[in-house]
Amino acid sequence: MAAKTPKPQELLQIDHRPPREWWMDRKVVFKPGTWCYAGRPENVKALDLPFPREWSPDEEDWKLPDNWKEIVLETFRDRLHKFRSLKVFMDICVRCGACADKCHYFIGSGDPKNMPVLRAELLRSIYRGEFTKAGQILGRLAGGRKLTYDVIKEWFYYFFQCTECRRCSVFCPYGIDTAEITMIARELLLEIGININWIMGPVANSFRTGNHMGLLPHTFKDNIEFLCEDIYDITGIKIEPTFNRKGAEILFITPSADVFAEPGIYTCMGYLLLFHYLDLDYTWSTYASEGGNFGLFTSHEMMKRLNAKMYAEAKRLGVKWILGGECGHMWRVIHQYMNTLNGPADFLEVPVSPITGTRFEHAKATKMIHILEFISDLIYHDKLNLDPSRNDHLVVTHHDSCNPVRAMGFIQEPRHVIKSVCNNFYEMPENTIYAETFCCGSGAGLNTDEFMEMRMRGGLPRANAVDYVHKKYGVNRMTAICAIDRAVLPTLMNYWVPGVSISGVCELVGNALVMPGEKPRDIDLRQEPLVRPTAEMPSEDESDV
Amino acid sequence: MFGRKKGGSETKANIYELLESNYHTIVKKWIDKVYDSYPEDGAKFLRNKKDPFANPVGFRITRGIEGLVKELITEEPSEGVEEFLDSILRVRAVQDFVPGDAVAFIFELKKVIREVLAKQLRDNIRLMEELLDVETKIDRLALLAFDIYMGCREKLFQLKVEEIKKRPFLQLEGVSCPSAALSLRQMKTLREQLNLVGSRRDSEQQGH
């Protein structure tokens with residue numbers, strides 16, 4: 001008998017509405033652009049993580065170990081025992097909905113499972129169904145369900161659609177931190193060999209060479225020296241930084257993207273100019289050559305392993321304290337986890353600015369301070385000769401990067417610095433900045449090209465606010481103190497708000513800093529002319545620099 | 001593209017005047033049809049959250065739909081049509097829609113207008129003829145919507161390629177990592193290429 005073909009009347013009944021079904025019944029569809037490639041076996045193997053193999057999320061068979069279910073439940077039980085916070089987060093949610101519309105992925109996609117409450121419910125329902133009496137007996141009636149292969153796939157899909165930005169947690173009346181729930185879910189998946197290569201690659205590289213890019217010491221050193229050559233061309237100032245120098249007062253650590261990738265390299269040139277200006281007794285390390293820690297997106301254990309390298313290097317070099325560059329999640333690791341993972345760093349001293357004498361008491365445990373609080377303190381004590389007009393070609397807004405702002409309350413320092421080094425600064429609307437800042441849409445190891453559609457969805461709330469200041473004030477530059485931001489926001493702007501470029505704050509500092517003995521500056525650190533790109537300004541030849 | 005054709009009885013309103021007097025109803029019903037294409041809980045949020053920064057998708061859909069209806073009933077066509085379509089389609093191009101579903105909302109406007117003007121259209125041949133004129137414009141709008149949708153998709157593919165090209169070590173033939181690049185004394189070339197890519201991208205972004 002021939003296959004049933006629809007009748008014309010049936011064909012005319014076109015309905016574009018999605019089917020209505022209970023969330024537990026809706027299976028995940030792996031559409032390109034919404035998931036990341038699986039970790040390559042060589043990277044998984046390099047980290048001694050379980051079940052390295054070739055597999056792909058869009059295939060039916062994920063080649064899981066036979067006892068995957070036991071492993072997941074056993075690991076879940078272990079984490080519930082180990083982390084009191086997880087147990088509390090599993091039990092106390094009252095589904096008030098305060099977090100529901102706060103996630104950038106939900107706002108951009110309209111997919112209910114991207115609501116933080118439902119994302120957490122993916123895990124919570126298994127907790128109830130497998131570990132609580134009520135859930136075991138009543139099942140769905142008590143919000144419980146059993147762990148199945150489809151649940152694992154759903155977990156992978158949605159927990160790798162969370163950037164751990166913690167915007168939702170700002171609104172939760174109980175203080176439930178969905179980022180921590182995502183972290184645990186990723187740990188559970190890791191135990192049965194489910195992970196993504198965009199995280200496994202950088203982690204394996206960091207483990208091997210000390211940085212995400214896999215740069216070996218000579219490459220790292222050479223590239224910084226290339227940046228110094230560029231600085232010489234632009235300013236006439238010769239800078240000779242030191243590497244792995246024992247006995248230096250300060251160890252400087254920044255994301256490796258600042259050393260190697262645009263537009264971070266211009267931020268790096270800003271660091272180099274500043275340190276030279278101050279004649280700071282500091283050194284770079286070619287081993288602790290990465291501020292980022294993708295271990296945070298892998299497991300607590302991995303975060304600890306990578307974080308330990310920074311402190312081991314500080315100890316080896318015998319420095320007094322550590323200065324950290326413009327990185328995002330590095331600061332979450334330092335501020336919230338370092339002390340219990342690898343601290344206290346008793347072999348270091350509480351950071352004291354050698355220029356102003358300011359003692360940074362808040363860094364008593366970690367012995368590490370942020371470059372912008374260091375600069376803010378310098379500006380406060382009037383120690384820098386700045387010419388903000390050298391940034392007059394830029395109309396600037398500032399994107400609060402999720403981790404510094406929500407994990408360490410780092411709000412005013414960047415603004416103090418920006419306002420001191422440029423004349424045109426405009427804030428985005430208030431419900432998109434400070435603690436309510438919107439994520440770039442690509443954090444937590446999701447900044448890969450195969451995830452582009454999700455990144456553009458998740459980045460829409462941020463881009464939408466940029467679009468507003470771009471149209472209203474002519475903003476053409478957004479600063480961000482996070483290397484992932486600097487890597488992904490140019491793409492996001494290119495799609496949503498063409499005409500806005502991205503940089504770190506220290507790039508603007510580098511432009512404005514008047515170096516003793518410098519040659520007349522007519523170009524910025526990007527080697528672009530110092531003129532304001534608007535119609536009413538004089539032509540390039542007449543421009544006053 | 002939305003040139004207005006005058007005609008019909010002088011004593012009764014023509015289709016454009018009817019559309020104008022029902023502007024708000026049409027906009028509301030059309031927006032509802034767009035929201036219906038999202039899962040129920042998502043649609044609830046899109047409908048109810050009015051802050052443009054907390055609900056950018058709803059904001060862009062509302063702005064786009066209002067603009068498109070205005071364009072449809074305006075005598076003189078304007079460049080704004082593309083901007084209003086872009087406002088909606090740039091979002092739908094990155095959401096979970098197959099191409100047909102992404103642009104399908106345009107045709108919903110036909111249904112909306114027939115529903116809203118059902119009473120007036122009944123037994124009125126002149127209005128029915130005028131309606132055909134409007135529907136032809138909606139068909140053209142759909143084609144334009146598809147162009148814009150495809151433009152957004154192509155932009156996405158281009159962005160992916162650009163990101164891959166920006167990975168420095170992939171720019172050199174036969175070199176698998178930056179360290180290998182250095183050992184081959186190709187770092188200079190690498191940096192030159194980096195600068196080229198960077199300045200090209202930046203000049204595109206800044207329009208000079």
Side-chain angles (χ1 to χ4, degrees), chain A residues 14 16-18 20 29 31 33-34 100-102 106-112 115 118 209 213-216 218-219 222-223 226 260-263 265 428-429 431-432 448-450 452-457 460-461 463-465 468 476 490-491 493-496 498-501 526-528 533, chain B residues 33 35-43 45-46 49 51-57 59-60 90-91 93-96 100-101 104-105 108 152 155-164 166-169 177-179 181-183 187-188 191 194-195 197-199 201-208:
Chain A
I14 299 170
H16 297 285
R17 282 173 300 184
R20 296 177 65 168
V29 179
K31 193 180 164 236
T34 61
D101 58 358
K102 304 304 186 294
F106 172 68
I107 292 172
S109 68
D111 180 348
M115 290 178 180
L118 198 41
T209 70
M213 314 273 287
L215 308 181
L216 293 173
H218 55 293
T219 318
D222 276 21
N223 217 60
F226 282 131
F260 214 86
E262 284 196 64
I265 50 172
M428 285 180 275
N431 56 345
T432 70
T448 173
D449 56 274
E450 73 263 20
M452 193 58 83
E453 276 85 338
M454 261 335 267
R455 285 173 50 192
M456 295 301 110
R457 284 181 213 178
L460 170 59
N464 183 54
Y468 175 77
N476 60 8
T491 305
M493 291 300 110
N494 209 334
Y495 186 75
W496 294 109
V500 177
S501 57
R526 298 187 182 201
Q527 310 204 23
E528 283 165 7
Chain B
K33 296 267 186 203
Y35 289 158
D36 281 346
S37 60
Y38 291 89
E40 204 182 349
D41 288 332
F45 161 74
L46 293 175
K49 196 86 178 181
D51 183 318
F53 302 107
N55 179 11
V57 174
F59 168 66
R60 291 177 73 106
R90 191 160 293 274
V91 175
V94 294
Q95 290 180 326
D96 269 338
D101 283 348
F105 73 95
E108 300 286 351
C152 291
K155 181 82 183 173
L156 274 181
F157 304 145
Q158 183 200 342
L159 291 173
K160 278 188 205 182
V161 172
E162 274 179 22
E163 281 202 355
I164 293 167
K166 260 164 49 187
R167 287 180 208 161
F169 49 91
C177 75
S179 299
L182 185 75
S183 67
M187 196 58 94
K188 272 281 181 195
R191 281 186 42 75
L194 258 180
N195 286 337
V197 174
S199 55
R201 197 185 62 251
D202 290 336
S203 58
E204 272 169 25
Q205 281 181 351
Q206 293 172 3
H208 59 84

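By convention in this document, chain letters (A, B, ...) are assigned in the order of the sequence lines, proteins followed by strands, and residues within each chain are numbered from 1.
When heavy atoms are compared at a cutoff of 4.5 Å, A:P429 approaches chain B solely by way of its side chain, counted from C-beta outward. In this structure, chain A has a heavy atom under 4.5 Å from the side chain of B:F59, while its backbone stays farther away. Contact of B:Q95 with chain A is made through backbone and side chain together, with heavy-atom distances under 4.5 Å. For B:K49, the part lying under 4.5 angstrom from a heavy atom of chain A is the side chain only. Using a 4.5 Å cut-off between heavy atoms, A:S109 contacts chain B through its backbone alone, with no side-chain atom that close.
For A:T34, the side-chain contact (heavy atoms from CB on, under 4.5 Å) partners are A:K31, A:Y157, A:Q161, A:M454, A:R457, B:D96, not counting sequence neighbours. The side-chain contact (heavy atoms from CB on, under 4.5 Å) check on A:E450 picks up A:C36, A:Y37, A:T448, with sequence neighbours excluded.
Contact check for B:F53 versus A:I107: no side-chain heavy atoms found under the 4.5 Å cut-off. The shortest side-chain heavy-atom distance between A:N494 and B:E162 falls under the 4.5 Å cut-off.
Rounding to the nearest 0.5 Å places CG of B:D41 at 11.5 Å from CG of A:D101.
Checking side-chain atoms of B:E163 against main-chain N and O of A:T491 turns up no donor-acceptor pair under 3.5 Å. No side-chain donor-acceptor contact under 3.5 Å links A:Y495 to the backbone of B:L159.
Each of B:V161, B:I164, B:L156 was scored for a side-chain contact (heavy atoms from CB on, under 4.5 Å) with A:D449, with one residue passing: B:I164.
With respect to chain B, the highest number of heavy-atom pairs below 4.5 Å among A:M456, A:K102, A:M428 belongs to A:M456. In terms of non-hydrogen atom pairs under 4.5 Å with chain B, the most contact-rich of A:T209, A:L460, A:D111 is A:L460.
Across all their heavy atoms, A:P112 and B:G42 have their closest contact at CG-N, 4.2 Å.
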